[in-house]
Every structure is written in C-alpha cells, then in structure tokens.
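My questions will all concern the structure given below.
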Amino acid sequence: MTDLSQALAPARPRLAGRLKLALCIFALMAAVPPLAHALGEPFLIVVATRMMVFAIAALSLDLILGYGAMVSFGHAAYLGFGAYAVAVLSRAGIDDLFLHLLAGIAASAVFAALTGAISLRTRGVYFIMITLAFGQMAFFFFVSFSTLGGDDGVALTARSTVLGMPLLQGAQGMFYVTLALLVLVFAGLYRLTLSRFGRVLTGTRESALRMQAIGFRPFPYQLTAYVIAGCLCSIAGVLLANQAIYVSPAYMSWHRSGEMIVMLVLGGIGSLTGAMVGGLVTIALEEGLARYSEHWRLGFGLILVLVALFSPGGLSGLLRRLGLGRDAT
Amino acid sequence: MFNLFLLQLLNGAQFGILLFLVAAGLTLVFGIMDFINLAHGVLYMVGGYVMAMMMGATNNFWLSLAMVLPLTLAVGLVLEVLVFRRLYDRSHLDQVLATFGLVLVLSELVRIIWGSAPLSVAMPEILSGSVPLAGPVRYPVYRLGVIGVGLGVALALWFVIARTRVGMLLRAGAANRSMVSALGTDINRLFMLVFAAGAMLAGFAGAIVSPILSVDPGMGDSILILTFVVIVIGGVGSVKGAFCAALLAGIVDTLGRMFGPIILKSIMDPAAAAQAGRTIAPMLVYVLMAAVLFWRPAGLFGRSVAR
Amino acid sequence: MTAPLLSVQNLSKSYGALKVTQDVSLDVREGRIHAIIGPNGAGKTTLISQLSGQLRPDSGRVVYDGRDITRLDMAGRVRLGLARSFQLTTLLPGFTALENVALAVQAREGSSFRFLRPAATEGALNDQAMACLADVGLADRARSQAGSLSHGEKRQLELAVALATRPRLLLLDEPLAGTGHEEAARLIAMFGGLKDRVTMVLIEHDMNAVFALADTVSVLVYGRIVASGSPAEVRADARVRAAYLGEEAA
C-alpha cells in the first residue's frame, strides 16, 4: 500500500489546527437542538444524531485505514455487533446502556481478534477482500437468524436506559448522549494517535521495513489497532440501534462498509477530523438529498464519482488546493 | 440420494460458470491494472436488463442475446473512457470512492427506467425442455446450455491468453505489472480492451441467467461479492485460478445450501439443524475463502507476495 | 582466539538460475570493521539482507554470538543487537528526524502498548534520541521532517536510527553513497570512533574509506568470495587486482 503512504506523507497536519477544528465542530453540534427548536424543525435533531453516530463509525475506521493503512471493507460488521447487542440484551430484560456498550464491545473484540489475525496475513487487495468476506459472514449470520428477525430485522421495545434513567427516550437526550460519546471517542483516538502505540502504527503505515529494521514486528500492533477500531465502531452500532429503535442486518451490509470508506475518503484520511467531517457531511448529504427525491442515490453517486475524479484527497484536499485551512483537517 | 447429489452438482457447476463469466474480466482488471472495480457487478445487472428490454421489443431470444453483446461492450467502453481510465494511477481508496458512486448511479438509473419490481425473461422454446440424467432424474436443457456456453467461453479465453499476442501481454501484466508498461505504447488500448471485454462477459452472464433467475436491481450486488471471493481464492490476475475457484465456490455454495441442513440433522434435532443450516450455508463460501487465504495468502494460483 | 561475533557459514541463495550468493563463509570478530567490496552486481546488498534477516538464504547458516539466527526475522535480530542501515533510505518521511530516532529508542525500551500518553512528552525518549542525533552531527535538524532532509542528512539520520537500537554489530550498506566530501570525512571519522563500541560490516565503494577503516577486507565477485584478508594482503592479491581493482582502474 505504498500509494497510500505516499499520498499521506506530505500532509501531516499540525496538531493545534486539528484540535481547533474539532472543538468548533463539537460547539456547532451542541447548538443544534436549541437551534432546531427555534426554527421549528425538530427533525433536525434526529438527523444530527445520525450524523454523529456515523462520525463515530468513521473515526473508528480512520484508526486502521488512515493511520494503519489497513483498508478494511468489512467495518460495518461492528456496527451490527453493537446494534444486535442492544437487541439481544433488551430482549433478555437488560436495558442498561453501559451493559449494552460492554456487550457490543466484547463481541466486537472477539470477532476482530479472530478475523483480524487471519486477515493480517494478507496484503493489499487481498486484505480488502478478506475483510469484506468476514463482513459478509457476519451479515449472513444475522440475516439467517430467524429468532432475531432474520432479514427483516427486529424492532426494539424501548431505548436503553442510563443507570435506570430513561435518558435516551427523548430526541434531545439521545442527541446529547451521542455527542458526549463522539467527543469521548475523538479525544481517545486523538491521544492514541500521539502515543507510543500510535507512533508504531503510523510508522508501520509509512514503512513496515523500517519498523522491522528497528526491532518492531508490526503484527501485534496492527491487530491491536484492528480490535480497538472494531470496539469503537460497536459504540456507533449501539447508538444507531437506539436512535432507530430498530435493528436490522442491513446495518452490516457491504454497502455500509463501502459507505464508511466513502466517508473517510470524502473527509480525508489519517487526520481524525477529516473522518469526523466526512461522517457528518455524508449523512447530511444523504438525508438532504433524500428529502428532494426518492432517487437521491443518483445524485449522491454522481457526487462521489466527481469528487474521486476531480478532487483527490476529498474535502480536505479540496480545501488545501483552494489554499484554505492547510492545517485545518 | 445420489441422483439428488448429481443434480445439485450440476446446479453448482452452472452457478460456478456464471461466476466465472463475471470474474474473468474482473480478475484481469485487478491483476493488470491493480484497479478495484466495485461497479463490475452492475454490468452483470445491465446485461440482464438489456436482455429483458430487447426481449420486450423483439420477443426473439437469440436476437436479444446477440444485441446484449455490443450494447454491454459499449457501456463498458463509455465507462472506461469517462471514468476508469482517469483512476488507474490513483490510490485504491479513490477507486473505491468512484466505483462505489458508479454502483449507486447505475442501480438508481435502472430503478428509474425499469422500476424496482423483478422482470422475467422467457426461455427459448427449444431449450425449455429437460433431458434424462440418471434413472428418473431429468435436468433442464437450458441449464446444460449455460454450462456448455460457459465452458466454450473459458476455452476461447484460454486460447486468447495462451496463444495470442494480446494474451502474452495479459500474462506478462498479471505476473509483473511494471513489465506491461515497459512493453510499450499500446498499453492504454490494452486496458480499454480488457475493460470492455470484461464488461461484455459480465453483461453476457447477466443476459443468459435472466431466464433462470429474475432480473432485479439487486442482482449485481450479490454476484459482485461472490465474484470477489472467486477472484481472491483463485489468485488475483489468474483467469485459470478464477475458473477453478468459480466452479469450487459455485459447487460449495450450492451443495452447502442443499446438504448442510441434511448433514446437520443427523447430529442434532431437526429444528435446530434447520436453523443452523440456514445460518451456516450462506457463510460457507466465505469460510472457504478465509481458509484458502490462511494457507495461501495470495490465493490458489496467485504469485506469492513478499512479506 | 575468541569465537567470532558473527560467523557466516556456506551461505547460498539464487533467484531462479541466477546465483546471487554462492557458498559464502566469513567470520567477523568483535571490535573489528570488516569491509566487503566488489563490483556492482556482485551481490553485496543481497548478502547484507541475508545477514540482517530481510532475505532467507537457500542454504547455509548465520551464527551470531554463538547462536544460530538463520531462521530469525529482522526484528528479532535487531533485538539481539544486529542492526543495519539501508542503501536506499527507508526513513519514515512524515516523521521528524527526532521522531524517527525516538521510535528506535522506543523499540528497545519499555512497552509500545502505551495508548494515552503522547510520546512527544516522554523526556527519556527524546533525550536519548537527541543524543544519537548529536552523535551523527544532526542535532540542529531534529525538528525537520525526514522527507525534507538533504540526501547527506538522510544518510546521517539513517545511521542515528541504527545507533539508537544500541547495536553490537552494525551492517552498513554503502553509508557514504551520495554524501559530499566533508560529510564523508565526518562519517569516516565517526565510524573510527565507534569502533570500540560497535563491530561493523561495511559495504562501500569508496576505497579510501575502506582501506582507512577496515581491519579485514573480503572481496565478493558474482556472489562468491574470491579473497579475504588484511587490507594490505587484499590489495596485493593478484586475483583481486584482476577481478576487481583492475576493473576499477580500466
């Protein structure tokens, strides 16, 4: 994946700029609920919640794809594990959000450790394809599970509770809990990418040979990152299930995995803020277009093709070429 | 039991042949251009729809089938010129972005033109019968025809690749990509040819499958992923590998769906076996692929990657 | 006499019909500089790659410090104190010079499974890395990105990274290639100074450097060692003059 590391090498963003941009985004998002009420458009809160859920998913993928140069095409599986953790536990009478998160994370960790260990034996196109295959395995597992609704999915009776409180019941509560988790995931990943571990991961992306020549074997670090990314993505899954009050295998389809890569490429990989912006913008675009036409995918697809053809590096690449915010994303 | 097995084996081979037709072009695109094309499955779908449209207009199976070839070839050429050729030297991620966008655009276009409801295509009269297979078991002539045509295409491809100048370039390119660019000027034409021919083969597969399955906007998706599995099992860039892997995947998938639950029933109670069988059967091909990659990280016929 | 630090025994490797290493045996004693010279295409880099663990030989053994390391990978050998520098630089272009070295320090010291504390704030890491940079005369470029350094500076950084792994044996693959006169002189002086601490295997085209530094010289031609001995002996060897030194002069 030399093309990837070369594409990334020159634009190692300044840290302060990234943090500033992230804080601006958080502040903007926090202002959405009061703004939506003032405009008399409360559905905006729901849309913004979905945007943030996928921003979390995109952030988690950025750790392995952007920082680790591991192009996973099966990341949506972890969205599904989080979502089905909610479905399974609430069916068993367990409603606590933290237990839901814990279960989703545990399931994801096991799946990621097993499949990651096998996938990391391969490189390049093979890695993309084998992660896709494992994603499809997870997808078909839940599709054929008739007790969990199979293909049709399963509706939840209620949203998770937080320490016994129905904090998520209202759109506003759901929104702010999601925002809080987004901030947490971003902050955690931000620290992680600067840590010793983050340096090893980034170093392996830039030159695996160099890392071996100073005494690192990349495998345990790559696998650990793969597991962490899966666990973080399951948080988005738990939130997605709660937001929709419904769980379906469609969350784990290869389309979702592709969409997550699209978010990253749109926003710019390997900077965290790019992933966050990509997640927010992609969902906003989809929801916005869907309000105009049932054939919104046509316009969305066209935008993707045009961005790929004419704006390599996604939105951040575009900004950079316009001479704006070189350090921003 | 044996008859059933034979029947399913033929069904598996027929499915495998279809996978091969779609995979043949794509594996070359992967191997020679190192290009990730998610839109290949859409061409299979376009083939199905063009077939359905021509049948509606002419009501002549053979004429329609003959029309599918130039039309899907043209679609392939247009896509190559407008989109793909600008992405050869970009990163895999840009390629994923663009071709994912193309999947959305083309599937939605199909929905707008033909609607979401499945269309069916009538089988030609002479192929609609069945022939005796073994004892009382009969097998549809049309499916045998599909197997025959697929083998014919495989043979033709083998001839092109093993015996012609273009084939020499393809083999060189799949073995060592930088070699192709060293071989000179007609590299762009070679890429275009591979793309267009691959599109035509995929479209052809979509057309001949239309009387067996129905034509619907989702048909490209399901075959695309299986095609990837086939390519990776066979080894990226290897048409021979794609052929073997396609048959293997087709047979494993078909037999697994049929016999998985039966075998499971002998070791657990029927209800649980039915559930487990339904769960495991669609995953079998992916298990197969993971297993192959575990032991041979570059696929069955792939050149080993330096690690 | 003590056992050699590195003992290469009957090493062979071929790519198809091309024999790149043919039955190579050599001993490197602790505290010495052992130079390997030979015309282009003699298989010097291939040999170094087999010593460092990047390539597997087809047959033969590599024994380091009394231990058979033929099957050990590169990272494992580095941890035993066997480091190499690369002819074509493989530095991390997006990392600063300091970060490149600090990563090598990190590989040696403490766990890299630390997830939250920014590595840039670890004083011990940075101090040791700075010391290595100062050793090669690159301290003032510590904050520059490796990708933006000049060719000579990259060679120096390459060395600093190798030194940061605290090697007992350093495999140097043409460390002077592409450096200017002054830089080369400085590096030669540095190698001389390092001799007490580190044993070196040196591949180099610059004959002045080789004969100034090396205790032993082996001559590699077409993957085979044709002569081995002190610089004076090798210089006097008729076969060497014919096979190699003569070729240079012609």
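Letters A, B, ... mirror the listed sequences (proteins, then strands); counts begin at 1.
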Relative to chain A, which segment of Ile36(B) carries a heavy atom at a distance below 4.5 Å: side chain, backbone, both, or neither?
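For Ile36(B), the side chain is the part near chain A, not the backbone.
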Considering only heavy atoms, which portion of Val96(B) lies under 4.5 Å from any heavy atom of chain A: side chain, backbone, both, or neither?
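Interface part for Val96(B): side chain.
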Examine distances only and state if a side-chain atom of Arg297(A) and a backbone atom of Leu104(B) form a donor-acceptor pair shorter than 3.5 Å.
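Pair absent, no side-chain N/O of Arg297(A) close to backbone of Leu104(B).
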Can you tell which part of Leu226(B) gets under 4.5 Å to a heavy atom of chain A, answering side chain, backbone, both or neither?
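Contact with chain A involves no heavy atom of Leu226(B) at all.
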Between chain A and each of Asp89(B), Val105(B), Leu97(B), count heavy-atom pairs under 4.5 Å; write down the option with the most.
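Max contact count across the listed options: Leu97(B).
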Donor-acceptor contact below 3.5 Å, side chain Arg90(B) vs main chain Leu309(A):
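Present.
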Let me know if Ile261(A) has heavy atoms under 4.5 Å from chain B in its side chain, its backbone, both or neither.
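When you check distances to chain B, only side chain atoms of Ile261(A) fall under 4.5 Å.
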Would you please go through residues 283-293 of chain A and name the residues with a non-hydrogen atom below 4.5 Å from one of chain B, in numerical order?
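Listed by number: none.
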Tell me, side chain or backbone of Val103(B) under 4.5 Å from chain A's heavy atoms, or both, or neither?
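Contact with chain A involves the side chain of Val103(B) alone.
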Is it the side chain or the backbone of Leu224(B) that comes within 4.5 Å of chain A heavy atoms, both, or neither?
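The answer is the side chain of Leu224(B).
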Taking the side chain from Tyr126(A) and the backbone from Gly235(B), do they hold a donor-acceptor pair closer than 3.5 Å?
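Answer holds: no.
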Heavy-atom side-chain proximity of Phe100(B) to His255(A) below 4.5 angstrom
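Yes. Closest side-chain heavy atoms under 4.5 Å.
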